[in-house]
Every structure is written in C-alpha cells, then in structure tokens.
Amino acid sequence: MAKVLSGAGLRGQVAGKTALSTVGKSGSGLTYRGYDVKDLAENCEFEEVAYLILKGKLPTQDELATYKTQLKGMRGLPQALKDVLERIPADAHPMDVLRTGCSMLGNLEGEHSFDMQQQVADRMLAAFPSIICYWYRFSHDGVRVDVETDDNSIGAHFLHLLHGKKPSELHERVMHVSLILYAEHEFNASTFTARVCASTLSDMHSCITGAIGSLRGPLHGGANEAAMEMIERFTSADHAEQEMMGMLERKEKIMGFGHAIYSESDPRNAIIKLWSEKLAADVGDTVLYPVSVRCEEVMWREKKLFCNADFFHASAYHFMGIPTKLFTPIFVMSRLTGWAAHVMEQRADNRIIRPSAEYVGEELRSVTPIASR
Ligand SMILES: CCC(=O)SCCNC(=O)CCNC(=O)[C@H](O)C(C)(C)COP(=O)(O)OP(=O)(O)OC[C@H]1O[C@@H](n2cnc3c(N)ncnc32)[C@H](O)[C@@H]1OP(=O)(O)O
Ligand SMILES: O=C([O-])CC(=O)C(=O)O
C-alpha cells in the first residue's frame, strides 16, 4: 500500500523532474536510471554505479578500467588542504571535517566553468576518502598517512587508509554493496539542498558542502550513527526488546526506522541486513546482530515501522571495525555521486528554486519610536 503523501515538509509535492532514480514506485522499490538497486548491488562494483549515475550509462569493461585508473590518480591531497585538516581537533565530528574539506578543496581547485563539472565530481569522489582518513589518522593516531594507495576500489582505499592494511575480499565486497545502496535517492533532503544551491548557478563545491550539512542530521544520514549508539547499549535480544518497549512508551524516536516515502519496507534494508549477517558470522558475533534483528521485530510488531537503509548499516560497519563517527562520512563518499548528478541535471534545465510561504505573522503595523516602546 502506498504511503499517503501530503502535509508538512513538502510531502507529496512534485518539486522538479529527474531521470536519475525512482523511489517507492510500484514494482521495484528503488531504481537508478532504470536499474533495480538489488540487481546493481548483486552484479556491480560501486565504480560502475558511480559511472552510471554520473555519466548516464553502465560502463564497458574498458571504460570501467579507464575510469578506475583515472580515479586512482586523483586520490592525492594538496598540502594546503592537509594543513587545514591537521588543524581540526580530534573531537570534531568527521562530517564537519568533510564539510570543511570539501569547501577548502573548492578554494584550491575551484569549478571555474560548468564544463568542468564531471571532472570536479570525479575529483571529489577520489579525494573524499583521503580527506576523511587523513584527518582521522592524523588527529587520532598522530600519523600522516600516504593517501595515494593503489587499491582497486574506493571502498578498499578507505578501509586501507583507516586500518593501515588492505581489506579482506569480504570487506571490500561489502563496501561495494554499501556504497551502491547509498548512492542515489531522488529528492531526499540533502539532494534537494544541493539542487536548490545549483539552481542559483552556484559552483559544485558549494552545492556539495551544503548537502553534507543536510545529510549530517540524525533524521537523515546521521541515523546510522544514532542507531549504532542505541544497539551497542543492549546486551542481549531480550534486553533490546525491554528497552525498546520503554522507548516506545515514552514516545521516543528510534533512529534507523521509518521513512518519508516508503510505506512498508526500504528495499535497501534486506540487502545490507544479509551482509550484516555474513559479517556477524565472520567475526563470531552473538550479540549485536541478534539485538538488531529483535529491534526490527519489535518495531514492526508494535508500530508497523520498518528498518530504513541506515539500521543494519550500523552493525555491518561495526563488524568491519569502522568507528561509529565515520559511518555518515561513508554515506557522503557514496551519495556524492547522486548529489553531483542532480546538480548537473538541475543545471541542464534550470529555473531558480524559490517556493512561496504561507504567511502566519502579524498584520501590517507601524513602528513605535524606540523611546516610546
Ligand atoms: C537512509 C537515509 C535516510 O535518511 S532514511 C531516514 C533516516 N532517519 C531515521 O531513521 C530517523 C528516524 N525516523 C524518522 O524520524 C522518520 O521516520 C523520518 C525518516 C524522518 C520520516 O518522517 P515522516 O515522514 O514525518 O514520518 P511518518 O509520517 O511516517 O511518521 C508517522 C508516525 O510515526 C512516527 N515515527 C516515524 N518514524 C519513527 C521512528 N523512527 N520512531 C518512532 N516513531 C516514528 C512519527 O512520529 C509519526 O507519529 P505521529 O503520527 O506524529 O504520532
Ligand atoms: O529519501 C529520503 O528521504 C531519505 C533516504 O532514504 C535517502 O536519502 O537515502
């Protein structure tokens, strides 16, 4: 049954056109340029999907190899950017680091013409894992990592920089799947932010910096971190159930559940849940995965609320040894493709986005001189 889409938050309003994705349409729940996300997650690497989203078609073997080589060559960071990253304290939120990193990159390598948009998007795709890991390793371990790795994928590059060693095949595959699942999602809040910014004919770095700020909130991308903070407090499935019942009674919001558009399930959940289960077996987990499953059961039984893409990402990332505060930055590393493609789409058929407001303030009145107020 489709969700009734109306009311506050612009729900149900068509705010523009897109050829990039469909969300919650009958049949396959999520498609990128006509391909079901499940199909893409089963059969593709993230770089193929990034190419699809940014350049409009799935690459051939040769095109993919050339694209990956090109991205590999763009992983380095200018010294001035490294200097800025070294000044950001260890207790900063990594999403704020990425926001600053993206903005600084725009100062150093600005988009001077829209002809550069593809190149600027590719550069960010290659540089964001370097930015986040350079800062993380410097501020937490006092190490200046060499960000120019020869890893064959963005996900492997990220895990290599983070852990100081190449990831296992399993972890690299999970990163491909995760980055594919997060890559694009129509007019969600952060993408809409990017499109509003693009509609003023602003530069790509400004659009992406704004989008990072929108994704950071716990009602959007920040939910994967909030979900992790919740599930790690539970010591067993029964304990999880008991605590969740209390939270529901107190009408607390439970992060990682519900969705603005989907009504019965988020198609990305079943996919990442399966990988979380595999990772749980790989690390011998007997707590976090069963806890997560019980949370899912309780929320459906009590509220008919389902896990969104963020919920099982929490345990999956945790099993790969990724610190919780880096969860949402990984979302950025992926969603960047959707954001940039939306910016390009907006520019190709632009009118400044400027809705109207319903005025609910005072009627017209005159100013009382300050001495008489
Ligand atoms: C993957 C990337 C994403 O951004 S997915 C979303 C990530 N965010 C979260 O997980 C945060 C928790 N979820 C929420 O806050 C909402 O479900 C979000 C996603 C913001 C959607 O909001 P909205 O469209 O307003 O929800 P709704 O109209 O379906 O709400 C109906 C009633 O159910 C409630 N509800 C909803 N979600 C939760 C939840 N997670 N925990 C507890 N209650 C929830 C709403 O408050 C609403 O209740 P009521 O009718 O106002 O009494
Ligand atoms: O579409 C939304 O509102 C949020 C979401 O799931 C996403 O951005 O992936």
Side-chain angles (χ1 to χ4, degrees), residues 1-13 15-16 18 20-25 29-32 37 40-41 49 53 95 177-195 211-231 243-273 292 295-296 298-314 316-317 327-339 341-342:
M1 197 185 47
K3 190 164 173 170
V4 179
L5 294 175
S6 61
L10 294 179
R11 202 71 80 257
Q13 307 288 318
T18 186
L20 290 166
S21 63
T22 60
V23 173
K25 251 177 124 183
L30 172 61
T31 64
Y32 301 166
V37 74
L40 293 168
V49 175
I53 292 171
M95 285 296 277
V177 171
S178 167
L179 296 174
I180 289 170
L181 296 182
Y182 272 146
E184 161 53 17
H185 218 244
E186 201 223 33
F187 278 20
N188 60 84
S190 54
T191 301
F192 197 59
T193 303
R195 282 193 82 126
I212 293 171
S214 288
L215 189 72
R216 186 193 194 297
L219 295 190
H220 193 11
N224 53 16
E225 295 180 20
M228 185 66 220
E229 281 154 18
M230 179 183 77
I231 56 178
E243 292 291 317
M244 298 274 287
M245 292 301 283
M247 289 170 80
L248 289 174
E249 216 163 282
R250 294 189 297 277
K251 301 219 173 310
E252 287 174 27
K253 204 150 231 194
I254 304 193
M255 298 306 174
F257 287 88
H259 200 272
I261 306 293
Y262 297 123
S263 53
E264 283 177 357
S265 66
D266 178 333
R268 300 166 293 185
N269 177 52
I271 304 169
I272 194 62
K273 182 180 173 187
S292 305
C295 293
E296 183 179 36
V298 171
M299 284 298 273
W300 185 253
R301 186 187 72 213
E302 298 296 323
K303 289 275 170 195
K304 291 287 170 280
L305 281 167
F306 53 87
C307 298
N308 57 50
D310 276 340
F311 190 71
F312 276 94
H313 260 106
Y317 286 165
F327 289 4
T328 320
I330 303 177
F331 196 155
V332 174
M333 284 160 40
S334 156
R335 183 57 58 87
L336 174 60
T337 54
W339 291 335
H342 275 276

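Heavy-atom basis, side chains included; hydrogens, waters and symmetry copies ignored. Start at 1 and go down the list; that is how both ligands and their atoms are numbered.
Within the 4.5 Å cutoff, no side-chain heavy atoms of C307 are placed close to those of D266.
A centroid separation of 6.0 Å or more is found between the aromatic rings of F257 and F306. Note: H313 and Y182 meet the aromatic proximity criterion, with ring centroids under 6.0 Å apart.
Among protein heavy atoms, atom 38 (C) of ligand 1 sits closest to L305 CD1, 3.6 Å. The protein heavy-atom contact nearest to atom 40 (N) of ligand 1 is I254 O, 2.7 Å. Nearest protein heavy-atom neighbour of atom 24 (O) of ligand 1: R11 NH2, 3.0 Å. Atom 4 (O) of ligand 1 has as its closest protein heavy atom H220 ND1, 2.8 Å. For atom 11 (C) of ligand 1, the closest heavy atom belonging to the protein is M255 SD, 3.4 Å. Closest to atom 26 (O) of ligand 1, if we only count protein heavy atoms, is K3 NZ, 4.1 Å.
The option with the heavy atom closest to atom 10 (O) of ligand 1, from among S214, A227, G256, is G256. Residue H259 holds the heavy atom nearest to atom 19 (C) of ligand 1 of all those in H259, E252, K253.
Distance remark: protein heavy atom present below 4.0 angstrom from atom 29 (O) of ligand 1. Within the 4.0 Å cut-off (strictly below), a protein heavy atom is located near atom 15 (O) of ligand 1. Closer than 4.0 Å to atom 52 (O) of ligand 1 lies none of the heavy atoms of the protein. Protein non-hydrogen atoms do not reach within 4.0 Å of atom 34 (C) of ligand 1. Shown here, atom 47 (C) of ligand 1 is out of close reach of the protein: none of its heavy atoms lies under 4.0 Å off.
No heavy atom of F311 sits closer than 4.0 Å to any atom of ligand 1.
Those atoms of ligand 1 that come under 4.0 Å of a heavy atom in A223, given as number and element, are 7 (C), 8 (N), 9 (C), 10 (O). Within ligand 1, counting atoms from 1 as listed, the ones closer than 4.0 Å to a heavy atom of A260 are 21 (C), 24 (O).
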Nitrogen or oxygen contacts under 3.5 Å, ligand 2 side and protein side:
residue: ligand 2; atom: 1 (O); partner: H185; partner atom: ND1; Å: 2.7
residue: ligand 2; atom: 6 (O); partner: H185; partner atom: ND1; Å: 3.2
residue: ligand 2; atom: 6 (O); partner: H259; partner atom: NE2; Å: 2.7
residue: ligand 2; atom: 6 (O); partner: R268; partner atom: NH2; Å: 2.7
residue: ligand 2; atom: 8 (O); partner: R335; partner atom: NH1; Å: 2.8
residue: ligand 2; atom: 9 (O); partner: H185; partner atom: ND1; Å: 3.4
residue: ligand 2; atom: 9 (O); partner: R268; partner atom: NH1; Å: 2.7
residue: ligand 2; atom: 9 (O); partner: R335; partner atom: NH2; Å: 2.7

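Counting heavy atoms under 4.0 Å from ligand 1, residue P218 touches it through the backbone alone.
A side-chain contact (heavy atoms from CB on, under 4.5 Å) with F187 is found for exactly one of L20, L10, T18, namely T18.
Ring geometry for H185 versus H259: interplanar angle over 60°, hence perpendicular rather than tilted (30 to 60°).
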